[in-house]
Amino acid sequence: ARASGELDAAGTVVAEYLEAHSVAPEALLRHSVICSRLGRIEEAMTDLDTILLFEPERADARERKAALAIALLPKG
């Protein structure tokens, strides 16, 4: 529970930063990591899409997006 609370707090800090700096790829990447750990996969994917819109060569964002896409596949 404590770790989840810390992630929520970190997510809030990064989200506030992104409101002022909407195209900040490093902050978007951090936010996507936090969101994915909190189970907010679609929000994480949106962050990665924004990074790739402005920096399509970012291998780290492409790799993370591919990994998250797998997580979105239906299980069964």
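The figures here come from the full heavy-atom set of this structure, side chains too, leaving out hydrogens, waters and symmetry mates. Here the structure is a predicted model, which means the values were calculated and not measured. For the single chain, residues carry numbers from 1 onward in sequence order.
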Would you list the pairs meeting side-chain hydrogen bond (donor to acceptor under 3.5 Å, both in side chains) in which at least one residue belongs to residues 32-41, sequence neighbours left out? Arg40-Glu43
Nearest 0.5 angstrom please: Leu28 CG to Arg30 CZ, how far? 10.5 Å
Interatomic spacing from CG in Leu48 to CG in Asp60 - rounded to 0.5 Å: 8.5 Å
Just to verify, what does Glu26 make a salt bridge (Lys or Arg N to Asp or Glu O under 4.0 Å) with, not counting sequence neighbours? Arg58
Hey, what do you get for OG1 (Thr50) to NE2 (His31), rounding to the nearest 0.5 Å? 11.0 Å
How long is the gap from CG on Asp47 to CD on Glu42, to the nearest 0.5 Å? 12.5 Å
Check whether Val33 and Leu52 end up in the same hydrophobic cluster, where Ile, Leu, Val, Met, Phe, Trp and Tyr are linked by side-chain heavy atoms less than 4.5 Å apart. no
Indicate every side-chain donor-acceptor pair of residues 61-76 with a distance under 3.5 Å to a residue at least two apart or in another chain.
unit_1 : atom_1 : unit_2 : atom_2 : d
Arg62  : NE     : Pro56  : O      : 3.3
Arg62  : NH2    : Glu57  : O      : 3.0
Lys65  : NZ     : Asp49  : OD1    : 2.4

Distance check, rounded to the nearest 0.5 Å: Leu7 atom CG versus Ile34 atom CD1? 6.5 Å
